[in-house]
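This report refers to the structure that appears directly beneath it.
Note that the structure is a prediction, hence the values are computed from the model and not measured. Residues: numbered from 1 along the sequence shown. Worth knowing before you read on, the calculation uses all heavy atoms, side chains too, and leaves out hydrogens, waters and symmetry mates.
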Amino acid sequence: KSLGTIIHLDVPLNIILKRIEGNPERGIAIAPGQTMEDIFAEREKLYQQWSDICCKNSTMSVEECVDWILNALPSIQIDTNDESSPASEG
């Protein structure tokens, strides 16, 4: 937390599974015998414990999620004219 704000993008397991299914190239670190349900339960606890902000985004588009996060972090100043700024990419 000393490096910055931790944001938990809270998405239900069924949506995560659909996203993974739609992108078979994506790698998932999984131990032998471990299921996606196991990983989800394990990581969800950690995300809830350590996050500063939780964005429940099961129905949000990427743009809506970004807007929600930017509104939740009013102290962050982003110069959209600065080409090195993440907000200027896209």
Side-chain angles (χ1 to χ4, degrees):
K1 287 192 176 194
S2 65
L3 296 177
T5 303
I6 299 171
I7 301 168
H8 172 204
L9 302 176
D10 189 3
V11 179
L13 177 60
N14 65 320
I15 293 175
I16 292 171
L17 293 174
K18 285 180 186 177
R19 290 178 181 174
I20 293 169
E21 182 180 291
N23 185 6
E25 302 283 321
R26 180 188 169 130
I28 303 288
I30 190 166
Q34 193 174 33
T35 67
M36 285 302 298
E37 290 80 3
D38 296 335
I39 292 173
F40 181 83
E42 178 183 307
R43 292 181 182 181
E44 184 70 11
K45 289 177 191 173
L46 294 172
Y47 298 150
Q48 289 174 356
Q49 177 182 354
W50 293 105
S51 64
D52 299 303
I53 296 171
C54 179
C55 177
K56 295 188 178 290
N57 64 347
S58 61
T59 60
M60 288 187 208
S61 68
V62 171
E63 292 80 10
E64 290 169 329
C65 185
V66 169
D67 287 343
W68 186 95
I69 292 167
L70 291 176
N71 287 324
L73 300 171
S75 63
I76 291 181
Q77 298 296 318
I78 296 178
D79 181 357
T80 57
N81 295 317
D82 178 0
E83 292 186 16
S84 66
S85 169
S88 67
E89 297 175 4

Could you give all pairs that pass the ring-ring contact (aromatic ring centres under 6.0 Å, His included) test and reach residues 10-36, with sequence neighbours left out?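 Listed by first then second residue: nothing to list.
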(Q) Going by ring-ring contact (aromatic ring centres under 6.0 Å, His included), name the pairs with one or both residues in residues 18-41, residues two or more places apart or in two chains. (A)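 Counting only pairs at least two positions apart or across chains, no ring-ring contact (aromatic ring centres under 6.0 Å, His included) contact touches residues 18-41.
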Kindly indicate whether the side chain of Ile69, heavy atoms from C-beta on, has any atom under 4.5 Å from the side chain of Ile53.
-> no
Tyr47 meets the ring pair (Phe, Tyr, Trp, His ring centres under 6.0 Å) criterion, sequence neighbours left out, with His8
[X]: side chain to side chain contact (heavy atoms under 4.5 Å, CB included) partners, not counting sequence neighbours:
X	answer
Asn23	Glu25, Arg26
Ser61	Glu63, Glu64
Gln34	Ile30, Ala31, Asp38, Ile39, Glu42

Please find the pair of heavy atoms, one from [X] and one from [Y], that lie closest to each other, and give the distance.
X	Y	answer
Ala29	Arg43	O-NH2, 3.7 Å
Trp68	Cys54	CH2-O, 3.3 Å
Asp52	Gly4	OD2-O, 3.9 Å

Under a 4.5 Å side-chain heavy-atom rule over Ile, Leu, Val, Met, Phe, Trp and Tyr, are Leu46 and Val11 clustered together?
no
**Message:** Under 4.5 Å between side-chain heavy atoms, counting indirect links through other Ile/Leu/Val/Met/Phe/Trp/Tyr residues: same cluster for Ile15 and Ile28 or not?
**Reply:**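 Both belong to a single hydrophobic cluster.
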Residues 3-22 vs salt bridge (charged side-chain N to carboxylate O under 4.0 Å, His left out), sequence neighbours excluded, gives Asp10-Lys56
To the nearest 0.5 Å, tell me how far Glu37 CD sits from Ile16 CD1.
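Reported to 0.5 Å precision, the distance equals 10.5 Å.
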